[in-house]
Number of protein chains: 2
Amino acid sequence: MKQNGLDEMPPAGATIQEVAKAAGVSKTTVSHVLSGNRPVSAATRRRVEKVMAELDFQPNFFAQALTSKRSNSIALIVQDITNPYYPALARGLQLSVARRGQAVMLFDAGGGEQFADTFVNEAIQRRVDGVVIAASGMASGLARLQKAGIPVVAVGSGLSGLSVDWVSADDERIAGDAVRHLHASGRSRLATIAGPRGAAPGDSRLSGFLDAAASLGIEVLPQHVAVADFTRDGGYEAMERLMGTDSSPDAVFCANDLMAIGAMEAANAAGLDIPSAIAIVGVDDIDAASLVRPALTTVHIPVEEIGQAAGDLLLHRIDEGGGASYRQVLVNHELVVRASA
Amino acid sequence: MKQNGLDEMPPAGATIQEVAKAAGVSKTTVSHVLSGNRPVSAATRRRVEKVMAELDFQPNFFAQALTSKRSNSIALIVQDITNPYYPALARGLQLSVARRGQAVMLFDAGGGEQFADTFVNEAIQRRVDGVVIAASGMASGLARLQKAGIPVVAVGSGLSGLSVDWVSADDERIAGDAVRHLHASGRSRLATIAGPRGAAPGDSRLSGFLDAAASLGIEVLPQHVAVADFTRDGGYEAMERLMGTDSSPDAVFCANDLMAIGAMEAANAAGLDIPSAIAIVGVDDIDAASLVRPALTTVHIPVEEIGQAAGDLLLHRIDEGGGASYRQVLVNHELVVRASA
DNA sequence: CATCTCATCCAAACCGTTTTGCTTCACACC
DNA sequence: GGTGTGAAGCAAAACGGTTTGGATGAGATG
């Protein structure tokens with residue numbers, strides 16, 4: 001019977017009832033000293049608090065949630081937690097919401113797409129107080145969450161049309177800045193490795209790239225637009241395709257660093273020198289960007305800040321409701337010129 | 001009043017009571033079709049299920065948790081989520097526990113130390129079904145969790161003495177393998193950049209390093225043991241200290257890749273060629289290890305597998321209790337020889 | 001025909017809180 | 001000495017499920 005040799009009894013956690021009895025008051029009163037919802041005389045309060053401490057009383061979380069209808073948990077749904085972008089996002093988010101007693105539930109789609117919807121279901125069933133969603137194909141999930149009355153904030157661009165709070169980097173301008181940098185350093189045969197079509201930052205960075213090129217009078221060949229999945233391997237393969245075209249580019253803008261690094265490897269493997277034969281620029285400024293040789297020129301995005309902003313937006317909507325006026329925040333980016341372009 | 005232009009009414013989630021009424025049965029019966037705890041006639045079952053679907057009924061998570069005393073959530077407490085080691089761990093863990101309907105709650109100590117205890121409290125209050133703890137200074141937290149009767153599994157070494165399930169890489173042998181490789185390639189003035197003393201993988205890798213050196217007849221100078229905090233910056237500074245000593249080393253074993261990369265940078269900055277002037281080996285085999293130039297020789301650790309094993313151990317203890325017989329699993333590592341050593 | 005046994009279903013108690021009336025009591029006031 | 005007032009505390013009803021102990025009726029058994 002005895003499971004642990006140390007204690008004679010599993011502590012089992014005192015209930016409010018037991019505290020009440022030990023303190024000689026009703027559970028109502030105990031509840032009141034707990035919540036402060038109604039006044040309790042100083043003497044009684046002290047007595048109750050003392051008993052609580054002695055019994056190591058901790059209010060039952062589930063019972064509280066049941067009546068208050070709040071779980072004090074928020075869900076973070078990410079595309080791929082092993083992509084260094086997301087841990088930074090998670091940290092920022094936790095920083096923001098932890099102060100308000102909210103815990104973060106992590107749902108990692110593992111790079112796949114189909115899971116995101118499953119996770120939305122989980123979040124709804126668990127009645128989280130809110131969810132931050134940073135995964136591709138989130139539109140349908142968004143709708144379901146909103147129908148369920150759960151506050152959401154989306155992370156990523158291409159959301160302007162939707163009725164949702166969101167935070168994002170200014171992806172079009174990011175791409176534009178990269179293009180202008182490339183152009184200023186004399187490149188003219190521009191290519192891009194874009195993210196998956198229809199997904200968050202992929203489309204915006206692509207259109208930003210295209211627009212900027214157009215406004216500089218640069219023609220971008222159709223075969224110079226490759227699509228990959230934001231992974232290093234994807235970038236590698238996309239680069240191979242790009243190099244395989246008859247008129248090969250002298251610069252490529254990659255929609256994130258991971259793909260840019262993959263692209264660099266492909267270029268190396270093909271014997272192309274970076275940056276003399278081909279310039280490469282990425283986006284995100286992950287740690288690895290400064291580690292590769294040549295060091296990757298990229299656009300720094302303050303990811304942790306994005307996470308915090310998402311948390312703030314979410315808390316605001318949880319507290320205030322906020323109705324149908326949606327807020328969006330754009331964070332600042334910065335071109336970091338290193339050696340690759 | 002109207003908040004969302006679409007629906008006239010917030011769906012509000014049907015209760016079991018409403019389902020019962022609509023199906024013309026008692027809530028008991030509904031509960032039984034839900035849980036299968038007692039037989040229900042096929043006809044009734046169908047009727048109830050139909051009503052459930054129509055009303056989009058989802059059992060209230062809190063109410064269920066209140067009676068079942070299970071939250072179907074587990075906590076993952078990590079030292080620093082931006083260290084690429086931990087996201088991989090998180091993924092492995094989720095992979096393991098998601099199949100059993102458990103969600104992962106992420107607590108990121110943000111590199112700091114003092115938070116881990118706070119998080120343990122959070123976990124207890126939230127009555128998670130179990131916790132995986134992978135952070136330094138976890139001993140006190142372990143004790144508290146166990147006293148609260150919450151299953152725990154620890155990740156990291158130096159836990160052999162403790163009464164707890166744990167999973168780890170074989171840190172002593174990892175260090176030994178690295179040392180033997182260094183020795184085999186002709187190095188003799190070995191140094192190490194260890195993790196913080198008293199913390200999980202730092203100590204074991206250090207003693208493994210020392211033991212292996214001793215058994216090879218290599219003398220390690222006291223000033224050739226530097227301590228850092230597992231970050232890149234920490235590795236950089238530790239390397240500076242190492243190079244500042246009068247008899248400078250010709251090889252350094254770093255307790256993780258991040259520090260190894262920092263060390264490489266410091267060596268570069270000092271004009272030391274790697275590997276001719278100084279060899280460097282790390283541990284973890286994070287993505288960046290293959291990206292730096294020269295590519296980092298390191299010891300590969302199957303981190304995702306560690307996460308899965310931790311999940312399996314935890315689920316087992318949640319299900320079976322398991323009493324005072326603790327399990328430990330050691331995962332296999334592998335030396336990956338690249339260019340830096 | 002009386003009884004026994006299942007299969008089905010229901011009512012009520014329970015999980016541990018919060019919240020909403022109400023009661024009590026002391027005190028001030030007229 | 002009645003009456004109004006506020007402070008302090010209590011009982012009971014939620015919250016939305018699960019579980020336990022019957023009740024009911026149909027078919028099997030003697």
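Chain letters run A, B, ... following the sequence lines, proteins first and then strands; every chain starts at 1.
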Ignoring the backbone of A/Asn37, work out which of C/dT19, C/dT17, C/dC9 is nearest its side chain. C/dT19
When the nearest nucleotide of DNA chain D is assigned to B/Lys27 and to A/Gly24 on a heavy-atom basis, which residue is associated with the more 5' position? A/Gly24
Whole-Å distance, B/Arg47 CZ to C/dC9 C1', equals 11 Å
I need the CD-P distance between A/Gln17 and C/dG16, as an integer number of Å. 10 Å
Choose from C/dC9, D/dG16, D/dG17 the nucleotide whose nearest atom is closest to any side-chain atom of B/Leu66. D/dG16
Looking at the side chain of B/Val40, which of D/dC10, D/dA8, C/dC9 is the nearest nucleotide? C/dC9
Using OP1 and OP2 only, check whether a side-chain N or O of A/Gln64 sits under 4.0 Å from C/dG16. no
Under 4.0 Å, counting only non-hydrogen atoms across every strand here, what does B/Phe57 touch: a base, just sugar-phosphate, or nothing? sugar-phosphate
By the 4.0 Å heavy-atom rule, please label A/Thr44 as base, sugar-phosphate, or nothing. sugar-phosphate
Whole-Å distance, A/Gln58 CD to C/dT17 P, equals 11 Å
Walking DNA chain C from its 5' end, the first of B/Arg45 and A/Ser31 to be reached, judged by nearest nucleotide, is B/Arg45
What nucleotide, of D/dG17, D/dA8, D/dA11, holds the atom closest to the side chain of A/Ser26? D/dA11
What contact category does A/Ser41 fall into here, base, sugar-phosphate, or nothing, at under 4.0 angstrom with non-hydrogen atoms? sugar-phosphate
Rounded to whole angstroms, how far apart are NZ on A/Lys21 and C1' on C/dG16? 16 Å
Go through the N and O atoms of the side chain of A/Thr29 and the base of D/dA8, and report whether any donor-acceptor pair is under 3.5 Å. no
Nearest-neighbour nucleotide for the B/Arg38 side chain, C/dC15, D/dG21, D/dG17 considered: D/dG21
Rounding to an integer number of Å, can you tell me how far A/Lys69 NZ sits from D/dA14 P? 13 Å
So, applying side chain to side chain donor-acceptor pair (under 3.5 Å) with A/Asp129, which one of A/Gln102, A/Arg317, A/Arg100 is it? A/Gln102
Please work out if A/Ser35 contacts a base, only the sugar-phosphate, or nothing of the nucleic acid, heavy-atom cut-off 4.0 Å. nothing
Can you tell me how far P of D/dG17 sits from CG of A/Asn60, to the nearest Å? 17 Å
Atom of B/Arg126, atom of A/Phe61 and distance for their closest heavy-atom approach: NH1-CZ, 3.5 Å
Let's see if you can work this out: which of C/dT20, D/dT19, C/dT17 has an atom nearest to the side-chain heavy atoms of A/Thr67? C/dT17
Without decimals, in angstroms, what is the distance between B/Arg127 CZ and C/dT17 C1'? 11 Å
Once you round it to whole Å, what is the distance between P of D/dG17 and CD of B/Glu18? 9 Å
Among D/dT20, D/dT18, C/dT8, which is the nearest nucleotide to the side chain of B/Thr28? D/dT20
